[in-house]
Trainee: 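One structure, as structure tokens, below. Some questions next.
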Amino acid sequence: MLDADKMTRIAIDRVAAALDAEVVALLKEDSVVRCLGFQPDSLPVKLLRTAASVRFSEVDAPGIGPAHSVSAAVSAAGCRLVVMRAADPFDKEEEMLIRSMAKALGLAMTATDRLTESRELAERLSERQYLGDRLSLIQQSISHRAPLQEVMDSITQGGAELLGVDVVGLRIVGLGERSGPIASLAGFQGDGLEAFRDIPLHQGFSGRAFLEGELVSTHDFSAEFEQVGLVPQIGIEAAMAAPVQHDGRIVGILNVASRVSGRQFTPAEQEVLLRLADHASLAVTDAEAVHVLRDSLEGERFKAGHDALTALPNRSSVLEMIEYELRGATSMTPLCVLYVDVDRFKLLNDMHGHFFGDLVLVEVANRLRSTVREEDLVGRLAGDEFVVVAPGISGQAAEALAERIVQTMSEPLLIQGRSTQVTLSVGVAESLPSLTSESLLSNADVAMYRAKTNGRDSVVRYDTQMREEMFQRADLEHEITLGLKAGEFVPFFQPSVDLATERIDSLEALVRWNHPTRGELSPAAFLELAEETGLIIELDKQVLDEACRRLAGWTQTNPELTLSVNLSVRHFANTDIVDFVAATLAKHRLHGSRLWLEITESMVMANNAMTLDILRSLRSLGVRFMVDDFGTGYSSLVYLKRYPIDALKVDREFVDGLGVDLEDEAIVTAIIRLAEALGHEVIAEGVETEVQKNWLLEAGCLQAQGFLFSKPLSGDDLDLVLLSSTGMDSGLI
Ligand code: C2E
Ligand code: MG
Ligand code: MG
């Protein structure tokens with residue numbers, strides 16, 4: 001016979017073994033129901049009670065010494081499970097394990113309680129000895145943990161005998177992911193079991209019991225609803241059906257049928273059917289409890305709730321955890337969620353392959369785990385998105401935690417012997433009474449998104465305005481689309497000069513937006529969004545076309561003048577750009593050698609065959625390539641050898657310090673030497689002072705661009721400049 005005692009003992013032993021715990025106790029209200037780890041005559045009841053009243057505590061346990069304690073609610077009324085361990089504190093995953101075991105124990109105890117009730121009922125019905133015997137037989141098979149199928153068979157057989165009917169059927173839907181539907185049929189000869197099992201619960205006469213949630217009975221079956229499955233073959237006259245329940249929902253049906261004409265089921269017989277259906281419910285609940293307990297012990301549940309790569313809890317576990325913590329959150333002890341995203345992860349993946357990317361994610365997971373507090377949970381939502389659930393701290397403290405997380409990445413990762421720099425963007429959101437787990441997570445996501453747009457490698461705390469701003473970005477995107485259609489994006493031109501003669505030798509096209517209401521906008525106002533949304537592709541094409549048109553016009557007076565156009569990384573996803581450049585050059589009757597394309601380091605570093613293909617095809621048109629903002633991107637220089645590069649443009653950041661900052665000077669000197677050695681041209685951008693200019697000349701940099709010579713000018717303004725400087729020696733304003 002199953003008794004609660006035996007069951008809790010088994011569960012408690014298993015919890016202790018699985019967690020290496022010295023003490024495991026089950027308390028009901030204030031009394032200790034069962035305890036492993038202390039002698040029964042010297043139970044520290046007070047200590048156990050205190051430990052049961054809080055989720056975590058540090059205790060001094062008699063005979064054990066200082067120990068860590070975790071307690072979890074057992075869903076059966078008023079019970080709590082307490083687990084103590086002297087060695088390591090329990091981590092989040094162990095705590096989740098304890099909770100799922102407590103839940104399983106609760107389910108099993110519910111079943112036990114109800115079994116006791118049924119036993120009492122069987123005793124009350126003892127005047128009807130036969131029924132009592134039959135029920136206790138079924139109870140025994142449940143309590144002996146017979147497989148559910150066996151228990152169901154004993155119910156249907158019992159039903160056939162007790163009620164003297166021709167057929168008894170019992171169907172239970174598949175519970176959880178582990179099993180399909182199961183069925184048992186008694187009194188029916190033939191192989192109709194499978195067909196019977198697959199009849200949907202809501203169908204036919206017995207479906208009424210499912211839909212109405214109570215017993216249904218008829219003595220005129222043919223007048224009832226459509227007949228399904230086996231029914232027409234066996235000439236049913238009277239029938240009854242009762243629902244089987246688990247965890248508050250209907251999961252099965254027990255139905256009986258009689259071929260005896262004029263048979264009417266009495267209230268007593270109806271009561272018997274209800275009792276049997278109750279036992280079926282009990283068997284299901286018990287079987288589920290066993291499954292949950294076994295799963296949590298054997299790691300099935302662990303696998304289902306965890307990400308295979310990093311072994312971190314997955315999205316559904318994270319949401320479950322947030323939900324759980326939200327219940328305990330108050331304004332005094334709020335809950336914070338940190339949404340953590342690896343910056344430019346896709347690029348890393350593309351550059352070094354997915355295996356490398358996976359190793360990066362594992363390493364990020366390890367760093368996150370070692371940075372958070374003991375009570376925090378780290379999970380992985382998908383791809384390069386991680387989450388930290390941090391209970392009991394305010395947004396400000398969570399922000400500090402997020403800063404620590406960002407900081408742990410300042411040390412490069414060593415992946416496959418390669419030192420790799422990774423940065424993180426983190427969004428922080430705090431619980432509010434009205435928030436669900438999903439919406440709290442979504443707020444953190446919005447904040448993370450903001451951290452990205454702020455330039456990555458940073459922490460942003462959610463505020464309600466952020467959603468508003470997201471909408472504004474959506475509006476801006478729409479406006480850019482309209483602006484592109486209306487031709488509002490036009491190139492300005494910034495000359496670059498030969499430093500020795502200060503003659504203009506090239507023009508860089510820099511886009512400006514003639515916005516219908518906000519006037520002339522520079523790229524900072526829209527470029528990033530255009531890049532993100534892919535609208536940059538169309539924008540670059542318009543700029544290239546108009547810039548080439550202008551260049552063709554200036555060619556009359558300045559046949560040597562070249563044009564330089566910035567290209568977004570987006571163009572390197574397919575070969576369209578090659579055809580477009582070829583067609584544009586042809587349209588404006590320009591030779592490819594008049595055109596420079598400016599690309600960035602990260603672009604060429606996206607090491608795929610396509611990039612090389614595109615660069616080579618363009619090169620075959622005579623087009624040349626310049627690495628823009630040189631020195632600020634990735635540090636590998638391999639690409640300088642691998643790709644057809646013709647010039648390096650020294651970033652403004654380094655030019656800034658020329659004449660004043662020794663480090664900047666050292667860097668610029670190195671870049672100039674590097675360019676020389678590789679046979680590339682070198683050009684300095686952002687030159688603003690005579691000091692910088694003279695320094696560059698002396699260092700051997702022959703070309704420069706910057707406000708010292710000219711700001712970017714509209715095509716019309718440049719017309720005038722170029723006209724007035726046909727001698728080209730005073731072509732600067
Ligand atoms: P960039 O290609 O590095 O362009 C140089 C930027 O520095 C330009 O800003 C230019 O106005 C500014 N600049 C030039 N000389 C000086 C100087 O002496 N001092 C200072 N403080 N700034 C100087 P702009 O026009 O705002 O462009 C910013 C960036 O936007 C460009 O950087 C380029 O990456 C991008 N961009 C501009 N036009 C296009 C375009 O048509 N397509 C694409 N894909 N990107 C573009
Ligand atoms: Mg540029
Ligand atoms: Mg630049």
Side-chain angles (χ1 to χ4, degrees), residues 455 480 483-484 487-497 499 504 506-514 520-551 562-573 577 580-581 584 595-604 624-633 645-659 681-693 696 703-715 717-718 732-733:
I480 296 175
L484 283 168
E488 289 164 11
F489 293 89
V490 294
F492 268 42
F493 298 88
Q494 186 179 31
S496 69
V497 301
L499 269 181
I504 299 174
S506 187
L507 302 167
E508 179 177 5
L510 293 162
V511 68
R512 298 290 179 266
W513 184 1
N514 289 324
E520 185 186 288
L521 300 178
S522 65
F526 57 85
L527 210 65
E528 199 187 308
L529 190 63
E531 187 91 50
E532 202 180 290
T533 53
L535 291 169
I536 190 79
I537 292 183
E538 173 59 20
L539 187 151
D540 278 354
K541 286 179 175 174
Q542 292 192 7
V543 168
L544 181 77
D545 182 49
E546 174 60 10
C548 283
R549 188 185 73 80
R550 287 287 190 168
L551 180 70
T562 61
L563 171 71
S564 172
V565 175
N566 294 282
L567 262 202
S568 156
V569 65
R570 288 281 197 155
H571 296 285
F572 291 83
I577 190 68
F580 185 81
V581 170
T584 309
L595 182 65
W596 286 86
L597 291 175
E598 295 193 13
I599 55 183
T600 58
E601 284 173 72
S602 56
M603 200 182 296
V604 272
R624 284 170 291 175
F625 297 100
M626 180 184 298
V627 181
D628 202 357
D629 307 334
F630 187 80
T632 56
I645 304 290
D646 304 276
L648 308 181
K649 196 184 249 194
V650 185
D651 193 69
R652 196 165 76 224
E653 196 181 315
F654 308 123
V655 173
D656 241 13
L658 297 181
E681 292 183 26
V682 58
I683 166 166
E685 73 176 3
V687 177
E688 294 182 345
T689 66
E690 288 290 336
V691 176
Q692 292 164 348
K693 180 186 99 178
L696 286 163
Q703 278 170 284
Q705 181 184 6
F707 293 171
L708 179 66
F709 314 108
S710 170
K711 296 205 161 185
L713 303 171
S714 70
D717 284 347
L718 202 66
L732 313 171
I733 54 168

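What you see is a predicted model, and the numbers here were worked out from it, not measured in a lab. Remember, it's 1-based here, ligands and their atoms both numbered in the order they're listed.
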Trainee: Below 4.0 Å from any atom of ligand 1, is there a heavy atom belonging to Ala524?
Mentor: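 It does not; every heavy atom stays at 4.0 Å or beyond.
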
Trainee: Should the proximity of Leu527 to ligand 1, defined as any heavy atom under 4.0 Å, be assigned to the side chain, the backbone, both, or neither?
Mentor: side chain

Trainee: Just which atoms of ligand 1 are under 4.0 Å from any heavy atom in Val543?
Mentor: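 In order of numbering, the contacting atoms are 41 (O).
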
Trainee: Answer side chain, backbone, both or neither: which part of Val565 comes under 4.0 Å from ligand 1, heavy atoms only.
Mentor: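 No part of Val565 is near ligand 1 at this cut-off.
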
Trainee: The Mg ion (ligand 2) is nearest to which N, O or S atom of Glu508?
Mentor: OE2

Trainee: How close do Pro491 and Ala547 get, counting heavy atoms only, and between which atoms?
Mentor: CG-N, 3.9 Å

Trainee: Which bit of Glu508 gets closer than 4.0 Å to ligand 1, counting heavy atoms only: side chain, backbone, both or neither?
Mentor: side chain

Trainee: Can you tell which part of Arg652 has a heavy atom less than 4.0 Å from ligand 1: side chain, backbone, both or neither?
Mentor: side chain

Trainee: So which bit of Val511 gets within less than 4.0 Å of ligand 1, heavy atoms only: side chain, backbone, both or neither?
Mentor: both

Trainee: Which one of Val691, Ile683, Val650, Leu658 satisfies the side-chain contact (heavy atoms from CB on, under 4.5 Å) criterion with Leu696?
Mentor: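 Exactly one pass, corresponding to Leu658.
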
Trainee: Is the closest heavy atom of Glu685 to ligand 1 under 4.0 Å?
Mentor: yes

Trainee: Please, which pairs that meet salt bridge (charged side-chain N to carboxylate O under 4.0 Å, His left out) have at least one residue in residues 532-551, sequence neighbours excluded?
Mentor: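 Found Arg473-Glu532, Asp545-Lys587, Glu546-Arg549, Glu546-Arg550, Arg550-Asp716, Arg550-Asp719.
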
Trainee: Give a yes or no on whether Glu598 keeps an N, O or S atom under 2.8 Å from the Mg ion (ligand 2).
Mentor: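 Yes, since at least one N, O or S atom of Glu598 sits under 2.8 Å from the Mg ion (ligand 2).
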
Trainee: Is it the side chain (CB and beyond), the backbone, both or neither of Gln494 that lies under 4.0 Å from ligand 1, heavy atoms counted?
Mentor: side chain

Trainee: For ligand 1, indicate whether the residue Leu708 contacts it via side chain, backbone, both or neither (heavy-atom separation under 4.0 Å).
Mentor: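 Under 4.0 Å from ligand 1, Leu708 contributes no heavy atoms.
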
Trainee: For the residue pair Ala647 and Trp596, what are the closest heavy atoms and their distance?
Mentor: CB-CZ3, 3.5 Å

Trainee: Quick one: does ligand 1 sit under 4.0 Å from the side chain of Arg512, the backbone, both or neither, non-hydrogen atoms only?
Mentor: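 Side chain only.
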
Trainee: Any nitrogen or oxygen of Ile536, main chain or side chain, under 3.5 Å from a nitrogen or oxygen of ligand 1?
Mentor: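 In this structure, Ile536 places no N or O atom under 3.5 Å from an N or O of ligand 1.
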
Trainee: I need the minimum non-hydrogen distance between Thr533 and Leu529, along with the two atoms involved.
Mentor: OG1-O, 2.7 Å

Trainee: Please tell me whether Gln703 and Ser496 have a donor and an acceptor in their side chains that are separated by less than 3.5 angstrom.
Mentor: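 Note: Gln703 and Ser496 side chains miss the donor-acceptor criterion.
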
Trainee: Any N/O/S atom, side chain or main chain, of Asp628 closer to the Mg ion (ligand 2) than 2.8 Å?
Mentor: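 Yes, within the cut-off.
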
Trainee: Check for me whether Lys649 has a heavy atom closer than 4.0 Å to any atom of ligand 1.
Mentor: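 The answer is no, since Lys649 has no heavy atom less than 4.0 Å from ligand 1.
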
Trainee: To the nearest 0.5 Å, tell me how far Ile599 CD1 sits from Lys649 NZ.
Mentor: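 Rounded to the nearest 0.5 Å, the CD1-NZ separation comes to 12.5 Å.
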
Trainee: Could you tell me the separation between the CG atom of Leu563 and the CG atom of Leu551, rounded to the nearest 0.5 Å?
Mentor: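 The distance works out to 5.5 Å.
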
Trainee: Name all residues meeting the side-chain contact (heavy atoms from CB on, under 4.5 Å) criterion together with Glu488; count only those two or more places apart in sequence or in a different chain, and write none if there are none.
Mentor: Ala486, Trp513, Pro516

Trainee: Under 2.8 Å from the Mg ion (ligand 2) - does any N, O or S atom of Asn566 fall there?
Mentor: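 Within the cut-off used here (under 2.8 Å), Asn566 does place an N, O or S atom near the Mg ion (ligand 2).
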
Trainee: Which is it for Asn566 and ligand 1 at heavy atoms under 4.0 Å: side chain, backbone, both or neither?
Mentor: both

